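Read the structure below first, then the notes.
All heavy atoms count here, side chains included; hydrogens, waters and symmetry mates do not. The structure presented is a predicted model; accordingly, all values stated were derived computationally and were not measured.
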Amino acid sequence: MKALTPLKKHRFKVFLAPLLKALECTCELIIPFLVRAIIDEGLTQGGAHYGDGAFVLGLCGAIFGLSVFGFGFTMIAQYVASSVTTRFAYDLKKNIYAHIGELSPVQLENYGKNKALNLVNTASFSVQIGVQMFMRLLVRAPFLVIGSTVAAFIVSPYAGLVVLGSLALCGIVIGIVVGVSPKEYTALTNELDAISSEGDDLITGARVVRAFNKQEETDARFERQSEQYRRQALKLARINAFINPLTFGFVNLAVVLVLYLGSFALPTTGISVGSIVAIISFLTQSLNALIQFTRLVTSFSKAYADKKRIDAFFDIAPAIVDGEREKEEEVAQGEPLFELRDVDVSFGGESKALEGVSLVVPKGQSVGIIGGTGSGKSVLVSLLPRFLDAERGEVLYRGHDIRQSKLASLRGEIALVSQKPQLFKGTIRDNLTLGREYAEEEIVAAAKDALAYDFILDKEGGFDGEVEEGGANFSGGQKQRLLIARALLSHREVLILDDATSALDYKSDLLVRQNVKKRKGMTLIMVSQRATSIKDCDRIYVLDKGKVVGEGKHEELLSSCDVYREVYEAQVKQR
């Protein structure tokens, strides 16, 4: 996959638009010859058709007809270019977004989430504009410049040399800018990525920043980053600023020389009044084409830099590769559904997030995983839906290597409620159903089991009440209960609650767990720092510093595992 891959299905239209532009330019280049004929032949004494009104009107009609044809070609080309680039941008953004979903959380974190989002928004738009400029101006600008030069030579070799010289000087200026701009645009986009990351960090950690009284320091850091971006943007602007005045100067100098040749050196050059008008028209056309070409250069430079960034992003091969196994084998109740055998996971550092972890999740049973912050609970849970792969050891699903399973099949059987509540702007119903169709009774039952039904009804609109971005109009406990309701509504075979009741009080936590266990046939994996939340599980694993230090039921662990006993006793005393 490359940035321009979505254009392949539009290849005919991509080259049709420049062809139409060439026809438009041909019409424009013919018109000055007709104007010269009107002046020299029909309006100048001694002309072959001097005083012939029919001749003059006929040529005026031809000019009008060419203008209409040129306008028609332009409108069709503009429509084709806009249509193609709109569809191209949609497909490109969809491909980038899909690739973001294919990357593992570690890969995305290493690349930078804000950089990836900038690709979806800024970079893809830049490439879209570049493609649009290609279709609209790439042929038009050079065609007019070259055509005007050739036409000037046809009118007068002396004037042709003047036009060629001025355009050559303009070409040198533009060539220098073209050579320098892409590197500067790359540096500018890197600065923009840095600002985006800095701004996101400040917004995300606003409360922490205020709590530690770090406003001035963070403001200063953001200001420094913005100043670097400003300097880079000004540097690029100064480079591009050379194009317009120099090209205007060279072309206008050529106009002065043509007028000189036509007035003071007329006997030598033999340039007529009509020829002078035609040559000035060609120069004006060339000047306009060069101005368009400078826009084209600016857009192409930025688009090329962003295209390379998108291509580099597509070149990141997903660490999680889809398997070939589509149909999963049935597993009897009590038989291992998931099994970890001596699993290690690390993130490139010297220490391991998980080391030598072995555990079994039997089908239809409840498994609790407990440990302190940084013990590796969430890393372990990420192995089950294959958000991560083990560095060493085996992760088995239904008796075979989990990497053999199709991701869609595997993840289609797992409902995960993570530590960070993810609610989207819309309605409560939309957030629960995620676009799927459910009976009203199912939605109500899931909300009741998650203890969300009462506060949903208290909201204006009930299930059709508004959810602000990120669920900002709900408390932490309400968000967690909505997410549990969403998971229950999906009717998945496996339910993973990753510290999903941490914001609930002990009574609500107990009631939610009891309601979840009433759902027969579900395999429940509960991750928590509360011993009271997982003490009724059929099997409990205790993690400490990435290792399993205890396994068994609640009563067994109280006598055999010091870590579990200390956690449980400390929490019971706090209550």
Which atom names give the shortest non-hydrogen contact between [X] and [Y], and what distance separates them?
X	Y	result
L489	L432	CD2-O, 3.7 Å
L103	P318	CD2-CA, 4.1 Å
G356	D342	CA-OD1, 3.2 Å
L488	A450	CD1-N, 4.4 Å
L137	P142	O-CD, 3.8 Å
A390	V395	CB-CG2, 4.2 Å

Which residues satisfy the side chain to side chain contact (heavy atoms under 4.5 Å, CB included) test with [X], sequence neighbours excluded?
X	result
E493	L337, K363, R398, E413
A319	S104, Q107
E468	E466, A472, N473
D464	R429

Any chance you could measure [X], atom [atom1], to [Y], atom [atom2], to the nearest 0.5 Å?
X	Y	atom1	atom2	answer
R136	T85	CZ	OG1	9.0 Å
L23	E28	CG	CD	12.0 Å
I525	L497	CD1	CG	9.5 Å
F69	I30	CZ	CD1	11.0 Å
S124	L119	OG	CG	8.0 Å
I402	L410	CD1	CG	4.5 Å

Counterpart residues, side chain to side chain donor-acceptor pair (under 3.5 Å), relative to [X] (two or more places apart):
X	result
K307	D311
E102	H99
S405	E328
K9	D91

Quick check: do [X] and [Y] have side-chain heavy atoms less than 4.5 Å from each other?
X	Y	result
T427	V467	no
L407	R386	yes
I443	F463	yes
D344	L354	no
T26	F143	yes
L359	V343	no
L383	V345	yes
P6	N95	yes

Whether [Y] and [X] form a salt bridge (side-chain N of Lys/Arg under 4.0 Å from carboxylate O of Asp/Glu) is what I want to check.
X	Y	result
E394	R341	yes
R403	E324	no
E24	K21	yes
K377	D498	no

Has [X] got a side-chain atom pairing as donor or acceptor with [Y]'s backbone, closer than 3.5 angstrom?
X	Y	result
Q478	S475	yes
S83	V80	no
S126	T122	no
R492	R411	yes

How about [atom1] on [X], more than 12 heavy atoms from neighbouring residues, nucleotides or ligands closer than 6.0 Å, or not?
X	atom1	result
F125	CZ	no
K93	NZ	yes
K406	NZ	yes

Any luck finding a side-chain donor-acceptor pair between R230 and S226 under 3.5 Å? no
With distance as the sole criterion, is a donor-acceptor pair present between the side chains of S502 and D499 under 3.5 Å?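 Side chains of S502 and D499: no pair found under 3.5 Å.
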Between I100 and V120, does the side-chain contact (heavy atoms from CB on, under 4.5 Å) criterion hold? Intermediate values first, please. CA-CA 10 Å; I100 290 174; V120 176; 4.0 Å; yes
Quick one, M75 with Y79, criterion side-chain contact (heavy atoms from CB on, under 4.5 Å). Give me CA distance, side-chain angles, the key distance, then yes/no. CA-CA 6 Å; M75 293 304 295; Y79 173 79; over 6 Å; no
Applying ring pair (Phe, Tyr, Trp, His ring centres under 6.0 Å) as the test, list every pair that has at least one member in residues 2-23; sequence neighbours left out. none
So which pairs with a foot in residues 103-122 pass ring pair (Phe, Tyr, Trp, His ring centres under 6.0 Å), sequence neighbours left out? Y111-F313
Residues in salt bridge (Lys or Arg N to Asp or Glu O under 4.0 Å) with R486, at least two apart? none
Can you name the residues that form a ring-ring contact (aromatic ring centres under 6.0 Å, His included) with F88, not counting sequence neighbours?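 With sequence neighbours excluded, F88 shows a ring-ring contact (aromatic ring centres under 6.0 Å, His included) to no residue whatsoever.
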Could you walk me through whether F338 and V494 pass the side-chain contact (heavy atoms from CB on, under 4.5 Å) test, one step at a time? CA-CA 10 Å; F338 290 98; V494 181; 4.1 Å; yes
